[in-house]
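The block underneath contains the structure these notes are about, expressed in structure tokens.
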Amino acid sequence: MHPKNLEDIPKAYSPKDIEDKWYKYWEEHNLYHSELDENKKAYTIVIPPPNITGILHIGHILNNTLQDIYIRYKRMMGFNACWVPGIDHASIATEAKVVALLKEQHITKDQISREEFLKHCYNWKEKYGGIIFQQLRKLGVSCDWQRERFTMDEHYYKKVIEAFVKLYKEGLIYRGYRMVNWDPASKSAISDEEVFYKEIQGKLWYFKYPVKETNEFVIVATTRPETMLGDTGVAVNPEDERYKHLIGKTIVLPIVGREIPLFADSYVDKEFGTGAVKVTPAHDVNDYDMAQRNNLEMINIFNEDATTNGNVPPEFQELDRYIVREKVVSRMQELGLVEKIENYTNKVGYSQRGNVPIEPYLSEQWFMKMEDLCKPALKVVQEGKVKFHPEHWVKTYEHWMTNIRDWCISRQLWWGHRIPVWYHNNTKEIYCDVIPPADIENWHQDDDVLDTWASSWLWAQDVFTNQHDQKYYYPTDLLVTAPDIIFFWVARMIIAGEYFMGDIPFKDVYFTSLVRDAQGRKMSKSLGNSPDPLDLMAEYGTDALRFTMTYIAPLGQDVLFSNEMVELGRNFANKMWNAGRFLLMNAQNIKLDPFLKHKHMDFTDKWIISRFNQTIKEVNDALDKFEVNYASKLIYSYVWNDFCDWFVELSKTRLYNGTDEVKSAVLSRAISLFEDMLKLVHPFMPFITEEIWQLLDERKTGESISTISYPKYDSTLVDIQAEREIEFVQNVVTAIRNIRGEINIAPSKQINVFLKSAAVTFAQERYIKSLVRIDQLTVDENLDKPKACASAVVKGCDIFIPLEGLIDINVERARIEKEMARVLNSFNGVRKKLENENFVAKAPVDVIEREKMKMHDMEKALDKLQSILDNLE
RNA sequence: GGGUUCUUAGCUCAGUUGGCUAGAGUGUCUGCUUGACGUGCAGAAGGUCAUAGGUUCGAAUCCUAUAGGACCCA
């Protein structure tokens, strides 16, 4: 036994010092570093790399706890577990932060060179990039920190560029003048996936456009009046009777004076607005498509920052789009060309990073052809080579993969992987390769960088920096991520895996729950409802937070979280702590002897061993099915209900009253079982289990519960007989406690109990006696019911507690009647079933047997209760 | 508009291929200075399984419709 003083073991578990102590110990002994080892099977996870601007939030807690559970579990199962941590350069997000920082110093991007700007970015990365890793260490993650990666590491950068060159050379990347989503804040194109839609209370303006050489007007409705300055046509539905006579006529665009055609296109919805729409090909996707079909002119009226350019009348030039809107409306009103204005709610696309309305915008960009790339990636998911958990995400994935458009991968930014394309200064020739052209002075490189996701899509394959490692660890085993990046990242990693590696990037994908606040709202900074995980860890303990998250977060559903919920985990940790404390206290007086571990066993020992083995199996099964939430419930229930509530209580009889050898056997066994239990809990609660495990015995330097083997399920130890014996004891004990509670017998009062039963063993009697404070227990098969007593009936046993003077007959009668009513209700249900010919004819035999048994038992119980009632006086 | 998903105790949720008297945690009420733990122990109350049909010997579970919520796509 570890020579610990009990003063070292406080009554309440105090996680503070313990957590840092053990994390340091794990790192010092390098316990989570993985090396290629052909004799061991690898189990690999790559972390979803957080942005370098990122700090830990509650969603990370869930996500990383889940990864840690699997890594720790598999490590203890004997796998070569490798969890690669890393960080994403987050092109647009980081650049925005650095621009803002420079602005504080009154520096803008145009004032400094690209190189200088990048220096500022790297400084930012040095300063903030490591914060989240320190926070993750607090969470206890068992990452291999020697493998820490960054998406702009030299090796990784090279891989990203190589990927671009390969795709370019195979014709899968092309450059085109297209309409893209333009973020006026960062002055860059963004992908479709980076746009989110907000409902905006806006207006619908009805403008009158005069038709040339007639007195007629066509009324068009628009949510964006300012774009009229770029109108090059008016469209109506070809079937629309109201406008048929006008098709082919010319409109004179007010304010501008441009003559534009009125044409028919079936895209136009007759029901919307007036049925006539103004067409602004350069600033609306649908208009762009119509313009292509109808050969319309395209007039770009905006600069890169969404101010108006020289293509609009002088008085409207170089103004913000919203100021132009007001000016256009008031001018139209002056001209008497505003028919009406209605309130209108519409959805406006916003840039995810810049949080400003995006502008559909024509520009020269790089695109990736997705159609062929998607095919194998769709197949591996449909065929189940890559499994999604929960499975229903497959449908979302399929839908996206079959409706995908080409991916705009260029960004007009500086921070990121610069596109490896050079243009010849004179010939305009294009050069694309990993190395710059030899006569570099005659070329200039493309200014743009790649979309962040066009680098992180290689994450699963290129965090491994040499081919041997890559071959050994890839495909990785599990990806744990939030479903909101299924398109951004998960799908694209599968695409990249299939294309570059010819193999899937991971076998299983676990989509985590979204963590919301107690009212079901998303966690957000502006609402202030997002708790700081570090505060929670400090207040309740890290293990408590980890356990609570897994306990409340089911697979595939959002989870409502509030700080108080962490009490559940804290209480659970405290419970385990005190169970350990109980055993250690007893070990102060009782000599332990490992050779007695299998001696002096009775049914309680066999039962807890049986329960433990079944729990191992159930936990394994749950984890294999990614039902982590269920696994945590199994563990909770085993630890608290089986081990603490019953086994520990049962063991006290022998620990306090047995012979020295019995005491020693009972305690040695209990500690051994407790130790095995800690191993089961360890992946969920690494700190407390390590601490107690280290207290339980003298351990060698560098030894840790996290690197010993996980308990193995042994089916021969499942003992149905022992479980039945315990069940009987539990039923009797609960029935007696129930009586004590309901008729208010003081706990201090010792009572006498009569059991009418044929088969109560001496051992059972002893345990019953000790668990309900019985003075005298009489067991007799042919017992007559004593007078003035409280009674209860359990399967195989009638219970009588004489309480002369203490018991009110009416109270007892009510109690028995209530119980009878309850049983009768069930009894009638079962009887009805068995009287139903169809049931007896069609239901499986075992179901019928079970029902018959049930009816028989209940019938007997009813008889007994009735006779108790009859003899009540 | 299309898709996915959900609705079970006051609250938050389990309930696996349809088959024990639908379970936990928390909250409520009652009792407890029980030689690990009041962050605890013991006991109790609390459910028309959203609604309406259908399939079935049997439905919280499967099917259809309706109502309400959440998310994704357009």
Side-chain angles (χ1 to χ4, degrees), chain A residues 6 9-13 192-193 196-197 285-286 347 390 392-400 403 483-484 486-487 514 516 518 520-522 540-541 544 548 551-554 556-562 564-586 621-622 625 627 629-630 633 636-637 640-641 644-645 648-649 652 655-656 733-734 736-748 770-773 822-830 832-844 846-848 850-851 853-854 857-858:
Chain A
L6 274 181
I9 308 172
K11 261 173 104 161
Y13 173 58
D192 294 342
E193 288 71 33
F196 71 101
Y197 292 85
V285 181
N286 297 313
K347 290 199 171 172
H392 69 77
W393 287 107
V394 171
K395 287 186 183 168
T396 309
Y397 180 83
E398 276 174 349
H399 184 257
W400 189 73
N403 291 285
D484 56 352
I486 184 168
F487 307 136
L514 199 67
R516 298 167 171 280
R521 301 173 304 182
K522 270 189 183 172
Y540 297 99
T548 303
Y551 191 90
I552 64 174
Q557 255 174 262
D558 290 352
V559 50
L560 306 191
F561 177 89
S562 66
E564 304 75 54
M565 286 178 180
V566 188
E567 287 174 14
L568 176 130
R570 181 199 60 184
N571 296 355
F572 183 55
N574 192 56
K575 189 72 185 173
M576 266 198 302
W577 179 254
N578 274 289
R581 193 162 159 266
F582 167 78
L583 296 172
L584 288 167
M585 277 173 77
N586 279 286
D621 288 350
K625 285 191 276 180
E627 292 168 351
N629 165 253
Y630 184 53
K633 284 181 177 161
Y636 185 90
S637 148
W640 203 307
N641 303 125
C644 293
D645 284 350
V648 167
E649 292 307 314
K652 284 177 181 172
L655 281 180
Y656 298 152
V733 165
T734 305
I736 296 171
R737 281 174 177 167
N738 180 325
I739 290 171
R740 286 193 91 128
E742 290 206 346
I743 52 184
N744 257 327
I745 304 169
S748 52
S770 72
L771 288 175
V772 276
R773 317 198 106 217
R822 200 179 63 85
V823 179
L824 192 65
N825 191 32
S826 314
F827 174 80
N828 284 333
V830 177
K832 241 188 188 163
K833 248 189 200 177
L834 284 166
E835 281 170 358
N836 182 339
E837 284 171 30
N838 279 322
F839 174 73
V840 182
K842 293 186 182 176
D846 59 315
V847 174
I848 297 174
R850 213 185 309 147
E851 294 296 312
M853 284 266 284
K854 236 161 66 183
D857 289 348
M858 287 190 287

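In what follows, chains carry the letters A, B, and so on, assigned in the order in which the sequence lines appear, proteins first and then strands, with residues in each chain numbered from 1. This structure is a prediction, so every number in the text was calculated from the model and none was measured.
In terms of modelled atom types and a separation under 3.5 Å, the side chain of A:W577 and the main chain of A:P10 share a donor-acceptor contact.
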* Summarise how protein sits on nucleotides 31-47 of chain B as a single string, 5' to 3': B when a protein heavy atom is under 4.0 Å from the base, S for sugar-phosphate-only contact, - for no contact. => -S--BBB-BSSSSSS--
* Structure fact -> With B for base contact, S for sugar-phosphate-only contact and - for none (protein heavy atoms under 4.0 Å), nucleotides 10-22 of chain B reads --SSS-B--BSB-
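Legend: residues meeting salt bridge (charged side-chain N to carboxylate O under 4.0 Å, His left out) with A:K11, ordered by chain and number and at least two apart, are absent. Under the salt bridge (charged side-chain N to carboxylate O under 4.0 Å, His left out) criterion, A:K575 pairs with no residue at all, not counting sequence neighbours. Under the ring-ring contact (aromatic ring centres under 6.0 Å, His included) criterion, A:Y636 pairs with A:Y551, A:F572, A:W640, not counting sequence neighbours. Partners of A:E398 according to the salt bridge (charged side-chain N to carboxylate O under 4.0 Å, His left out) rule, which considers only residues two or more places apart in sequence or in another chain, do not exist here. By the side chain to side chain donor-acceptor pair (under 3.5 Å) test, A:W400 pairs with A:E193, sequence neighbours left out. Taking the side chain to side chain contact (heavy atoms under 4.5 Å, CB included) definition, one finds that A:R570 meets it with A:Y540, A:A544, A:E567, sequence neighbours left out. Annotation: salt bridge (charged side-chain N to carboxylate O under 4.0 Å, His left out) contacts of A:R850 (sequence neighbours excluded): A:D846. Looking at residues two or more places apart in sequence or on another chain, you find no side chain to side chain donor-acceptor pair (under 3.5 Å) involving A:E627. For A:S637, the side chain to side chain contact (heavy atoms under 4.5 Å, CB included) criterion is met by A:N641, not counting sequence neighbours.
Where A:L568 and A:W400 each meet RNA chain B at their nearest nucleotide, the meeting point lying more 5' is that of A:L568.
Atom CH2 in A:W393 sits roughly 7 Å away from atom C1' in B:C72 (whole-Å rounding).
One C1' atom belongs to B:A67, the other to B:G53, and the distance between them is 15 Å to the nearest Å. Rounded to a whole angstrom, the distance from the C1' atom of B:U28 to that of B:U21 is 24 Å.
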* Would you write out the dot-bracket form of RNA chain B, 5' to 3', with Watson-Crick and G-U pairs under 3.5 Å, [ ] for crossing pairs, | for pairs to other strands and . for unpaired bases? -> (((((((..((((.....[...)))).(((((.......))))).....(((((..]....)))))))))))).
